[in-house]
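The structure presented is a predicted model; accordingly, all values stated were derived computationally and were not measured.
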Number of protein chains: 2
Amino acid sequence: MPTATPALPIIGPDHWPSPADFAAPPTAADHARWAEADRAARPQRLARLRERMAAAGVDGYFGLRWEHMRYLTGLPFDESEVTGAGDSGKFLVTLDEVYVLADSRYTIAVRRDAPEAKVFECYNALADRWPELMATAGVNRCAIEAMTIPHLVWEGLAAAAPDVELVPIEGWVEDGRQHKEPSELERVAAACAVADRALASLLPSIRPGVTERELALDLEWRIRTAGGDRLAFDVACLAGPEAALPHGQPGDRPVKRGAVLLFDYGAQVGGYRSDMTRTLFVGEPTARDLGVYGLVHASQEIVFDRLNEAIPLAQRGTPLPVGRELDALARSVIDADGRWPAYGHGLGHGIGLAVHELPGLGRRSPADPLPRRTVFSVEPGIYLEGETGVRIEDLVAIDVDAGRMDLLTRFPRDVVVVGL
Amino acid sequence: MPTATPALPIIGPDHWPSPADFAAPPTAADHARWAEADRAARPQRLARLRERMAAAGVDGYFGLRWEHMRYLTGLPFDESEVTGAGDSGKFLVTLDEVYVLADSRYTIAVRRDAPEAKVFECYNALADRWPELMATAGVNRCAIEAMTIPHLVWEGLAAAAPDVELVPIEGWVEDGRQHKEPSELERVAAACAVADRALASLLPSIRPGVTERELALDLEWRIRTAGGDRLAFDVACLAGPEAALPHGQPGDRPVKRGAVLLFDYGAQVGGYRSDMTRTLFVGEPTARDLGVYGLVHASQEIVFDRLNEAIPLAQRGTPLPVGRELDALARSVIDADGRWPAYGHGLGHGIGLAVHELPGLGRRSPADPLPRRTVFSVEPGIYLEGETGVRIEDLVAIDVDAGRMDLLTRFPRDVVVVGL
């Protein structure tokens, strides 16, 4: 039996959000403050890793993920930089030092951006240099990020220094990174505001006939010229039935009146990322699309309610909910309604330096309660292949000690009608 | 003793290249023709891989690189898509079938874009599904791209199906991909033209005071709104002393009169990429910068001359030059002059679906002669830390059977003066 969901407000041009409704883009002073917060936090981030190293009996940690390079050393790498960087940026943490590898193209950057680290010159010949690196650093037992290091490289290192024991590990830094520092949450919020403003400023340009690709590029431009370092990931702009593809790409398809228009996108600010989805209505919504939207909205709302209840309880010692329970909760709303199938993906994911990180809110996520200070997406959806798709995605920050749950995404979640 | 290099023409606004000097952006018909050429070429690409499989005695090839996914199956993935795709897009080639892994987000895309392949559904649980994949495909001995597969995943597969022997391999598809098909060269040339046009159209906007970041974004916009699917890589725009950083990133630094301005960038068209560097002069060039520029130009020119001589000889059976010989040749011009140090990077690299691929033209590149039909960059440079930097980079296509060497980059290599 369909659940009765209260009708959502329908927002037309007169009540559209305006760019000025959202926080202003970050200033140079904000960026300087964040850089300083990172510098101040790095010793503690490293100390947490070193505790884990000591517990596992290793005296070295060899890292290859760019998010970890940035988090632990300050080097502002990302996925586009590592493609061509060779071994530059890879790093070794010992009990008292940090070494960053660099070839001639990167030595200046490493000295500037990772000032606490020692530069270890290496020219795309990691295995050749490995024995010297281990000897210089005095490492005998080295943990390696085994979900990142290629198998052949692992074999090469094992052969190059047979006396050094390699210990495959995973998640040591990821586990720490899900517990967000205040300045990290601040940057995710700033990235959300850049994204909110960009969409608000785009609304008047959405007209029947404009293509998905044109809108995606326009939105990207607004993000990158108004506070975003870069996109968090490529903008998805999907019209009508294309919105049923949870990983579709914008095409030369024109937006049509009477259809939905889904934007899934995010900004990067000071290295931290946002992620949001809004499904807008081009012209008069159909009753079916409004029904789908209302149900997705209700499925998201129940998760926010659950979190709001959980935080004061957590302050008094009750564990926070587990991500997969929230996923089941959101799904149960759609299943109980019974008219349409629930989303096939997970309910959400942590976010920070990377778009997808811990905590997980999927069916197979770890059974741990959420961290006490973290940020994650809540993004239920309903996809009707060949017909329509609706997803609503917001970032939620929780901070148990401060007794807070904040929706960092501020763009309205009501029914927004465009292109009239 | 300094070598006397003839003075290069100096090109001011009256003789700047115009966007109309370069080939028009590709049409929908071009894209359709290229898609058809890929479809027609895939059986041969697969046959070449299967020959190698047969020679090595394996009955399966498990691939993880997105370039190989695209080349062998048609799936238009790239580095941005694979980040969030999980196991989707990974593929298995057997002696008579191709399987592409996909989760629910990708099944529709795989059926559409990789029509000759079978979809094998897999939800981020590769090791769990590995025994069934191997059994379905009848594979007993499986080659795996060991420079791409993470060590932990390798270990997981080995444990999941102990009866299946895993054979670590590298370069089987890369070796084939350096021999370019005519339609691949055509797309690289089209990407070069998009990039040439974009820079030509940007010239009037370059004025003292505009920042590197503004110019980089402006150039990107011109590429992406005039024929480019996307950038080949992030635009580098570096002014004055920043041009001495071969991997610098555009900053909020304003362009200054009397300094160089280096652009290193490329477009992607129909999946294929271009890569070019131009070092422009803002206002009156200094004598030192002109001297550096002339020497880099001469160092590049000698390589073109050598290739021009080599092609008719190769038609009569003489092997083509080896990449590292060309690197040594270009370097010798700068060393013989003696005033400034030669570049620390390699002279060039092959290009195609990826920005960097075979053949290599560096000091440590393989000692094989260049392929008879291929495309690569020639990009000597001189970097004076804290002072200035000059690099000139062009793509060169050679086709011995057709007796041709073509500079695909057509933007003039003379001294171009802007911002007067």
Subject >> Residue among A:Tyr383, A:Tyr106, A:Tyr123 with most heavy-atom pairs under 4.5 Å to chain B >> reply: A:Tyr106
Original post:
Side-chain contact, heavy-atom cut-off 4.5 Å: B:His151 with A:Met147?
Top reply: no
**OP:** Tell me, out of B:Arg364, B:Glu214, B:His345, who's got the most heavy-atom pairs with chain A below 4.5 Å.
**Re:** B:Arg364
**OP:** Provide the closest heavy-atom pair for B:Pro150 versus A:Ala146 in the form atom of the first, atom of the second, distance.
**Re:** CB-O, 3.8 Å
**OP:** Name the region of B:Gln249, side chain, backbone, both or neither, that has any atom closer than 4.5 Å to a heavy atom of chain A.
**Re:** side chain
Original post:
When rounded to the nearest 0.5 angstrom, what distance separates CD in A:Glu242 from CD1 in B:Ile108?
Top reply: 9.0 Å
Original post:
If we only count heavy atoms from C-beta on, is the A:Pro168 to B:Leu152 side-chain gap below 4.5 Å?
Top reply: yes
Original post:
Rounded to the nearest 0.5 Å, what separation is found between the CG atom of A:Leu217 and the CZ atom of B:Arg230?
Top reply: 11.5 Å
**OP:** Would you give the length of the straight line joining atom OH of B:Tyr343 to atom CZ of A:Arg105, rounded to the nearest 0.5 angstrom?
**Re:** 14.5 Å
**OP:** Please look at A:Glu145 and chain B and tell me whether the side chain, the backbone, both or neither of the residue comes under 4.5 angstrom of a heavy atom of that chain.
**Re:** neither
Subject >> Interface moiety of A:Glu220 toward chain B, non-hydrogen atoms closer than 4.5 Å >> reply: side chain
Original post:
Between B:Leu245 and chain A, which part of the residue has a heavy atom less than 4.5 Å away: side chain, backbone, both or neither?
Top reply: side chain
Subject >> Option in B:Arg224, B:Glu155, B:His356 with maximal non-hydrogen atom pairs under 4.5 Å from chain A >> reply: B:Arg224
